[in-house]
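This report concerns only the one structure given below.
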Amino acid sequence: MQQAPIQIVRPASLANPSAAPQRWEVAQIEALFALPFNELLYQAQTVHRAHFDPAEVQLSTLLSIKTGGCAENCTYCPQSSAYDTGVEATALMKVDAVLEAARAAQAAGATRFCMGAAWRGPKDRDIEKVSALISAVKGLGLETCATLGMLGDGHAETLRDAGLDYYNHNIDSAPDKYADIVQTRQFEDRLDTLQRVRGAGVKVCCGGIVGMGETRTQRAALIAELANMEPYPESVPINHLVQVEGTPLHGTEVLDPFEFVRTIAAARITMPHTRVRLSAGRQALGEAVQALCFMAGANSIFYGDKLLVTGNPDVTADQALLQKLGMRAA
Ligand code: SAM
Ligand code: DTB
Ligand code: SF4
């Protein structure tokens, strides 16, 4: 059977890496997704190589500093108190225990340490306590990142003054998918916190999750939303849904791995200077798909045996994978 030839469109940034960031229509990103796989990877690699050493990968280690019992109902999340997932709620960790974990991450080769709290948002007194954690971790010479939920007045500034380099706050999915996956807050609430972070001069880490039953158009819309931020985030985690028993999204049809790779490539092409992080879900993806993600322009991973509450490839397995691929820590 004869098929019509596929029209290949190459973005202007491919020919001119120093071109100013462009505004992306969702349809343009859908056109990237529709490219033949090899052409998409070629474009992503071309953009990647214009801005980064393709053998380098940045290593971030996560620590859940306050686990479970969260008041939000994010349908993907094992830490919501709305679902019975077996995750036990804990109090905020103390400085010594956090420092111990940070030292271990640094010794294993991580350069960034990201502290996550299962809060809808921190209270003023939480910000004071987390600030002490940030200062201590920063004192080790690590880059610091925190993800604490929605921020209020003055919070971002206090965290910045304590030594916070990045704040992670994901938009998670396309604007028109958001109400399906979280009902206890609005998409606009996420944008408000991101504005506060930017306004305080803290670098933005913002991405999303794929494999939540969204359409390809919605994956393209997630990428468009990120790429059209002015400026776009310095760090973009692309998570592959980790399906946890007890959460409403457990049992969702698993996304085709090539579609995940395409999402990474679309992020790389549309956000040439960002660190695209191959984030949650690596255990289920396997080594070959991870290698494709690196080819598609991912240049950061979560590194360490655990994400927040679920598993992650262990450090020795990741070191072996990077060695096999001839890659090294940035
Ligand atoms: N509570 C804060 C918040 O929601 O912003 C910070 C911690 S929350 C766990 C950070 C991010 O982890 C979420 O925005 C979501 O993108 C990601 N995440 C949570 N559960 C996940 C899962 N099961 N699979 C993939 N990513 C997940
Ligand atoms: C992000 O984008 N992914 C991380 C981090 N930022 C905070 C969290 C992934 C969580 C995966 C499920 C869990 O272990 O809770
Ligand atoms: Fe709470 Fe964050 Fe999990 Fe949502 S993603 S339930 S806000 S910890």
Side-chain angles (χ1 to χ4, degrees), residues 60-83 85-90 92 112-122 126 130 145-151 155 166-173 177-178 181-187 189-194 196-197 204-214 222 226 233 235-252 254-255 260 263 267 275-285 298 300-313:
S60 290
T61 294
L62 280 169
L63 177 69
S64 180
I65 56 171
K66 190 268 159 196
T67 304
C70 184
E72 302 271 27
N73 80 340
C74 314
T75 50
Y76 48 77
C77 186
Q79 301 199 70
S80 166
S81 62
Y83 319 123
T85 60
V87 170
E88 275 187 38
T90 66
L92 183 64
R112 193 179 305 167
F113 193 69
C114 179
M115 292 161 270
W119 284 320
R120 173 177 163 84
D126 297 323
V130 174
C145 177
T147 181
L148 315 170
M150 290 187 267
L151 297 180
H155 288 176
Y166 291 82
Y167 193 79
N168 166 251
H169 200 65
N170 292 338
I171 55 169
D172 285 339
S173 197
K177 174 75 180 167
Y178 202 74
I181 54 163
V182 185
Q183 289 79 38
T184 51
R185 58 169 187 253
Q186 314 274 310
F187 192 77
D189 296 328
R190 300 304 271 183
L191 300 182
D192 174 71
T193 288
L194 290 166
R196 290 170 183 267
V197 172
V204 171
C205 173
C206 180
I209 311 176
V210 294
M212 297 194 293
E214 72 284 346
L222 162 68
L226 295 166
S235 175
V236 173
I238 305 292
N239 296 275
H240 190 278
L241 175 69
V242 179
Q243 297 204 11
V244 179
E245 217 173 314
T247 60
L249 290 188
H250 183 247
T252 303
V254 175
L255 186 72
F260 183 72
T263 311
R275 282 272 167 202
V276 176
R277 184 168 308 112
L278 163 55
S279 301
R282 289 198 295 122
Q283 271 187 325
L285 290 176
S300 172
I301 55 172
F302 284 128
Y303 177 69
D305 304 354
K306 221 166 138 189
L307 291 165
L308 291 172
V309 300
T310 65
N312 197 41

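FYI, side chains are in, hydrogens and waters are out, and symmetry mates aren't considered; it's all heavy atoms of this structure. Note that ligands are numbered from 1 as they come in the structure, with each ligand's atoms numbered from 1 the same way.
With respect to F302, the side-chain contact (heavy atoms from CB on, under 4.5 Å) criterion is satisfied by exactly one of L278, L307, T61, L308: L307.
Between V244 and V309, the closest side-chain pair of non-hydrogen atoms is not below 4.5 Å. V130 is listed as a side-chain neighbour of I65, based on a closest heavy-atom distance under 4.5 Å. In this structure the side chain of Q79 reaches within 4.5 angstrom of the side chain of T67, judged on heavy atoms. Between Y178 and R190, some side-chain heavy-atom pair lies under the 4.5 Å cut-off. A 4.5 Å side-chain heavy-atom check between F260 and I238 finds at least one atom pair inside the cut-off.
The protein non-hydrogen atom at the shortest distance from atom 4 (C) of ligand 2 is F302 CE1, 3.6 Å. If you check which protein heavy atom lies closest to atom 3 (N) of ligand 2, you get N239 OD1, 3.0 Å.
N73 places a side-chain N or O within 3.5 Å of a backbone atom of Q183 that can act as its donor or acceptor partner. Under a 3.5 Å cut-off, the side chain of N239 and the backbone N or O of S279 do not form any donor-acceptor pair. A donor-acceptor pair is defined here as one N or O able to donate and one able to accept, closer than 3.5 Å; no such pair exists between the side chain of R277 and the backbone of S60.
Only the side chain of L62 comes within 4.0 Å of ligand 2, counting heavy atoms alone; its backbone N, CA, C and O stay farther away. Here N168 has side-chain heavy atoms under 4.0 Å from ligand 2, and that is the only part of it that gets that close. In P237, the part holding a heavy atom less than 4.0 Å from any atom of ligand 2 is the side chain. Only side-chain heavy atoms of R185 come within less than 4.0 Å of ligand 3; its backbone N, CA, C and O stay farther off. For V242, no heavy-atom contact with ligand 2 is shorter than 4.0 Å.
Close approach of ligand 2 to T147 is summarised as follows: ligand atoms under 4.0 Å from at least one heavy atom of the residue are 7 (C). Here is the list of ligand 3 atoms found below 4.0 Å of a heavy atom in Y76: 5 (S).
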How far apart are the C-alpha atoms of M212 and T252, what are their side-chain angles, what is the distance that settles it, and do they pass the side chain to side chain contact (heavy atoms under 4.5 Å, CB included) test? CA-CA 7 Å; M212 297 194 293; T252 303; 5.7 Å; no

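Of all the listed residues (T310, L63, N170, V309), N170 holds the heavy atom that lies closest to atom 2 (O) of ligand 2.
Screening the protein for N, O or S atoms under 2.8 Å from atom 4 (Fe) of ligand 3 yields 1; no waters enter the count.
The structure places CG of L226 at 8.5 Å from CG of N170, a figure rounded to the nearest 0.5 Å. Taking CZ of R120 as the start and SG of C74 as the end, the distance is 9.5 Å to the nearest 0.5 Å.
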Considering only N or O atoms, set out every pair between ligand 1 and the protein closer than 3.5 Å, with distances to one decimal place.
{"residue": "ligand 1", "atom": "1 (N)", "partner": "A117", "partner atom": "O", "Å": "3.2"}
{"residue": "ligand 1", "atom": "1 (N)", "partner": "W119", "partner atom": "O", "Å": "3.2"}
{"residue": "ligand 1", "atom": "5 (O)", "partner": "R190", "partner atom": "NH1", "Å": "3.4"}
{"residue": "ligand 1", "atom": "5 (O)", "partner": "R190", "partner atom": "NH2", "Å": "2.9"}
{"residue": "ligand 1", "atom": "14 (O)", "partner": "D172", "partner atom": "OD1", "Å": "3.3"}
{"residue": "ligand 1", "atom": "16 (O)", "partner": "N170", "partner atom": "ND2", "Å": "2.9"}
{"residue": "ligand 1", "atom": "16 (O)", "partner": "D172", "partner atom": "OD1", "Å": "2.6"}
{"residue": "ligand 1", "atom": "23 (N)", "partner": "Y76", "partner atom": "O", "Å": "3.0"}
{"residue": "ligand 1", "atom": "23 (N)", "partner": "V242", "partner atom": "O", "Å": "2.9"}
{"residue": "ligand 1", "atom": "24 (N)", "partner": "V242", "partner atom": "N", "Å": "3.0"}

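Side-chain contact of D172 with Y76: a donor-acceptor pair under 3.5 Å is present, judged by distance alone.
No more than 12 heavy atoms of other residues, nucleotides or ligands sit less than 6.0 Å from atom CD of Q186.
The shortest non-hydrogen separation linking G149 to T193 is O-CG2, 4.0 Å.
Less than 4.0 angstrom separates atom 2 (Fe) of ligand 3 from none of the non-hydrogen atoms of the protein.
Polar contact with ligand 2: present for L308 (N/O pair, distance under 3.5 Å).
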